[in-house]
Number of protein chains: 2
Amino acid sequence: MRPSHTKGTMMADCSKLTLSSSAKNSDQCPDCQRINEVLTRVGDRWSVLVIISLAQYGTLRFNELKRNLGISQRMLSLTLRELVRDGLVHRNQYPTIPPKVEYSLTKMGESFREPVNALGIWALDNLSKIDAARASYDVDKAE
Amino acid sequence: MRPSHTKGTMMADCSKLTLSSSAKNSDQCPDCQRINEVLTRVGDRWSVLVIISLAQYGTLRFNELKRNLGISQRMLSLTLRELVRDGLVHRNQYPTIPPKVEYSLTKMGESFREPVNALGIWALDNLSKIDAARASYDVDKAE
DNA sequence: CAGGATCCCTTCCGATACTG
DNA sequence: CAGTATCGGAAGGGATCCTG
């Protein structure tokens, strides 16, 4: 794929371009491209929710996650497979009968908790505001 | 709608049940339901990237955003409309010829910067790790 | 219990053409 | 410049049946 970038925060680069008018006319922001890529990987709804659940409960089995999230079996299966593949979730299988599979966060998955948590807090804090803004907007449009 | 919330914590009540899709299961995690809702509103890729861009550059015109993000005109139009509707983005129109429209973050949009920034930093920090984990996983599967 | 395999409908989204 | 309108392919995602 694309060359791996140096570890570290590259956010500073772009942040400093805040008032640069020349930057406005440049091509695609490289950070946006990178962030875009990551969002493609772990930015979908189910991935986020699975990670949140595992962050909360520590370890969950397949059907526990399924019930907890109200996700279809198919989507949970696909989502977990990708999360394991991406190194965010650890899969622990017990070869018993019936089988038992436990999922938990890896180190990297754990590190995802913080930003996701921040997002969750903001979400709970602003949901009602968004609803209000939306209602107000719709009323204005109607008249 | 439901203004009650606890600031600074992920704890939530489960009184808001307007969850989409066929969620007939009642034993769903209430937090997951709420987070699910907010993700439905501002959790899509383009919304996040638009907000990041506006957070970085302050004010951007339509085509500036378009070039910056590499987004199609159609998606940008739809995304901006929703962000304005949700009260996250402010739209300033100058009735000149040719027209000039500037977008910037509202107060609430600004407050979204912090969690989104955390997400962005994590993204830039972990993209290479994800790529590595993915490559390793694929190799193991192949042999 | 933990999935895999299909079917099929919906939504997303880019490409394109057109307007004020 | 800043959009809107339309079309068609691609992806998302639920329902159902099947297996070890």
Side-chain angles (χ1 to χ4, degrees), chain A residues 21 24-25 28 32-33 36-37 39-50 53-54 57 59-85 89-104 141, chain B residues 19-25 27-28 32-33 36-37 39-50 53-54 57 59-85 89-104 137 141:
Chain A
S21 58
K24 293 183 179 181
N25 296 328
Q28 221 175 316
C32 288
Q33 292 185 31
N36 200 348
E37 286 183 60
L39 288 178
T40 299
R41 286 168 171 73
V42 294
D44 66 284
R45 171 193 333 289
W46 294 131
S47 293
V48 171
L49 290 175
V50 163
S53 270
L54 290 180
Y57 295 98
T59 295
L60 288 173
R61 300 178 61 173
F62 186 88
N63 279 315
E64 287 175 341
L65 273 168
K66 183 169 179 295
R67 278 190 300 271
N68 200 345
L69 299 180
I71 185 178
S72 74
Q73 174 244 42
R74 177 178 172 276
M75 285 314 296
L76 179 56
S77 177
L78 292 175
T79 300
L80 282 172
R81 192 189 306 160
E82 281 307 294
L83 288 175
V84 169
R85 183 177 174 227
V89 165
H90 180 62
R91 184 193 135 111
N92 210 348
Q93 180 175 2
Y94 301 88
T96 59
I97 296 178
K100 175 179 177 182
V101 180
E102 288 183 342
Y103 293 93
S104 56
K141 279 290 170 180
Chain B
L19 195 61
S20 59
S21 73
S22 59
K24 55 202 174 303
N25 280 336
D27 48 356
Q28 269 180 261
C32 289
Q33 292 184 25
N36 201 350
E37 279 184 65
L39 286 179
T40 300
R41 286 167 169 74
V42 293
D44 67 284
R45 173 195 343 285
W46 295 129
S47 293
V48 170
L49 289 175
V50 163
S53 270
L54 290 180
Y57 296 100
T59 295
L60 288 174
R61 300 178 63 172
F62 186 87
N63 278 317
E64 288 174 342
L65 273 168
K66 184 169 179 295
R67 279 191 300 272
N68 200 345
L69 299 181
I71 185 179
S72 73
Q73 175 213 51
R74 179 179 169 275
M75 284 314 296
L76 180 56
S77 176
L78 292 174
T79 301
L80 283 172
R81 192 188 305 160
E82 280 308 293
L83 287 175
V84 169
R85 183 178 175 226
V89 166
H90 179 64
R91 185 193 135 112
N92 209 349
Q93 180 175 3
Y94 302 88
T96 58
I97 296 177
K100 174 179 176 180
V101 181
E102 287 183 340
Y103 293 93
S104 56
Y137 179 95
K141 280 290 171 181

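Residue numbering restarts at 1 for every chain, and letters A, B, ... go by the order of the sequence lines.
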Within this structure, what is the CG-to-C1' distance between A:Leu76 and D:dA15, rounded to whole angstrom? 16 Å
Would you kindly give the CD-to-P distance between B:Glu64 and D:dG3, to the nearest whole Å? 12 Å
Can you tell me if the side-chain N/O atoms of B:Arg91 get under 4.0 Å from OP1 or OP2 in D:dG3? yes
Between P of D:dA2 and CG of B:Asn92, the distance in whole Å: 12 Å
Find the distance A:Phe62:CZ to D:dT19:P and express it as a whole number of Å. 18 Å
Please tabulate, for the side chains in residues 71-78 of chain A, all donor-acceptor contacts under 3.5 angstrom to protein atoms that are two or more places apart in sequence or on a different chain.
from	atom 1	to	atom 2	distance (Å)
A:Ser72	OG	A:Met75	N	3.2

On a heavy-atom basis, which atom in A:Asp44 and which in A:Ser47 lie closest, and how many Å separate them? OD1-OG, 2.7 Å
Kindly indicate whether the side chain of A:Arg61, heavy atoms from C-beta on, has any atom under 4.5 Å from the side chain of A:Tyr94. no
Counting only side-chain heavy atoms from C-beta out, which of C:dA2, C:dG3, D:dA2 sits nearest to A:Tyr103? C:dG3
I want to check something: taking the side chain as every heavy atom from C-beta on, are A:Asn92 and A:Ser104 in contact at a cut-off of under 4.5 Å? no
Looking only at side-chain N and O atoms, does A:Ser77 come under 4.0 Å of OP1 or OP2 in C:dA2? no
D:dG3 P sits how many Å from B:Glu82 CD, rounded? 14 Å
Under 4.0 Å, heavy atoms only, any strand: does B:Tyr94 hit a base, just the sugar-phosphate, or nothing? nothing
N/O-N/O pairs, protein side and nucleotides 12-15 of chain C side, under 3.5 Å:
from	atom 1	to	atom 2	distance (Å)
C:dC13	N4	B:Arg74	NH2	3.2
C:dG14	OP2	B:Ser72	OG	2.6
C:dG14	N7	B:Arg74	NH1	3.4
C:dG14	O6	B:Arg74	NE	3.0

Could you measure the distance from the CG atom of B:Asn68 to the CD atom of A:Gln33? Nearest 0.5 Å is fine. 10.0 Å
Atom CG of A:Leu65 to atom P of C:dC1: distance rounded to whole Å? 14 Å
CZ of B:Arg45 to OG1 of B:Thr79, rounded to nearest 0.5 Å, is 10.5 Å
Heavy-atom pair with the smallest gap, counting every atom of A:Cys32 and B:Leu49: O-CD2, 3.9 Å
Answer whether the closest heavy-atom distance between the side chains of A:Phe62 and A:Leu80 falls below 4.5 Å. yes
What nucleic acid atoms does A:Gln73 come within less than 4.0 Å of, heavy atoms only: base, sugar-phosphate, or nothing? base
Looking at five pairs on each end of the helix from C:dC1-D:dG20 to C:dG20-D:dC1, what is the angle between the two axes, given to 10 degrees? 40°
How long is the line joining CG of B:Asn68 and P of D:dA2, in whole Å? 14 Å
The residue among B:Leu60, B:Val50, B:Leu54, B:Leu83 that forms side chain to side chain contact (heavy atoms under 4.5 Å, CB included) with B:Tyr103 is B:Leu54
Position toward the 5' end of DNA chain C (nearest nucleotide), A:Arg81 or A:Pro98: A:Pro98
In whole Å, what is the span from the CG atom of A:Leu49 to the P atom of D:dG12? 16 Å
